[in-house]
Amino acid sequence: MARLALLLAALLLSCLLLSYRMDAKEYMRCQLTRELLLKYGINKTFLSNWICLIEHESNRSTKVLKRNPNGSRSYGLFQINSKEWCRVSRKGGLCGNKCEDFLDDNIDDDVACAKRIFQRDGFKNWPGWSASCRNPQNLPNLRLACKYR
Ligand SMILES: *[C@@H]1O[C@H](CO)[C@@H](O)[C@H](O)[C@H]1NC(C)=O
Ligand SMILES: *[C@@H]1O[C@H](CO)[C@@H](O)[C@H](O)[C@H]1NC(C)=O
Ligand SMILES: *[C@@H]1O[C@H](CO)[C@@H](O)[C@H](O)[C@H]1NC(C)=O
């Protein structure tokens, strides 16, 4: 009986893990570029900054969860921080989101929150941008690579 329960628990856990993995998404560079531009209306002027930022924060994967030295955690594509912007386990923070919701494959909430962070702090909020994207020479030429006008 105990073994059966254990088996069921293991089965349940693997289902959960599987569905969690299927919920996450890894974007290709141009797919993400087009989505940010066409679906989310990101200003073309800053598009290559956003792509560079995302590539250095999460490598374009929505499932990235990092623990920071100051005890906060960073979630998803934009590595949104739990200290201020969202709240662990329930909706809250300045964006009014549950942090865990930033890990799924729907990035509507992530983009909305990232825009608010940008409005307040600019790109310098993101260590990945500051370290690797501040110099315009390091930005990808997306117009050429992804063929948008
Ligand atoms: C995009 O940003 C530039 C530079 O800040 C600004 O001049 C332009 O009006 C913006 N375009 C749109 C559509 O918001
Ligand atoms: C980023 O993701 C790609 C696959 O999309 C992988 O090949 C690469 O090693 C990853 N880079 C880092 C730094 O995780
Ligand atoms: C904690 O660290 C993260 C990542 O380094 C940073 O984004 C955040 O602003 C820090 N929060 C505080 C309150 O220091």
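For clarity, every value in this text was computed on a predicted model and none was experimentally measured. Numbers here simply count residues along the sequence, with the first being 1. Order of listing sets the numbers, starting from 1, for every ligand and every atom in it.
Ligand 3 has no N or O atom lying under 3.5 Å from any N or O atom of Asn68, backbone or side chain.
The aromatic rings of Phe118 and Phe123 are tilted relative to each other, their planes meeting at an angle between 30° and 60°. Trp126 and Phe78 have tilted rings, their planes meeting at an angle from 30° to 60° on a 0 to 90° scale.
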Is there a side-chain hydrogen bond (donor to acceptor under 3.5 Å, both in side chains) between Ser132 and Asn138 once you walk through the steps? CA-CA 7 Å; Ser132 310; Asn138 294 340; over 6 Å; no
Could you walk me through whether Cys113 and Asn97 pass the side chain to side chain contact (heavy atoms under 4.5 Å, CB included) test, one step at a time? CA-CA 8 Å; Cys113 187; Asn97 293 103; 4.3 Å; yes
Checking Arg60 against Glu55 for the side chain to side chain contact (heavy atoms under 4.5 Å, CB included) test, could you report, in this order, the C-alpha distance in whole Å, the side-chain angles of both residues, the deciding distance, and whether it holds? CA-CA 5 Å; Arg60 281 184 255 116; Glu55 289 181 344; 2.9 Å; yes
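Residues Thr62 and Asp104 are not in side-chain contact: their nearest non-hydrogen atoms beyond the backbone lie 4.5 Å or more apart. Residues Ser48 and Pro140 have side chains in contact (heavy-atom distance under 4.5 Å, counting atoms from C-beta outward).
For ligand 1, the protein residues within 4.0 angstrom (heavy atoms only) are Asn43, Thr45, Phe46.
Within ligand 3, the atoms closer than 4.0 Å to a non-hydrogen atom of Ser72 are 1 (C), 2 (O), 3 (C), numbered from 1 in the order shown.
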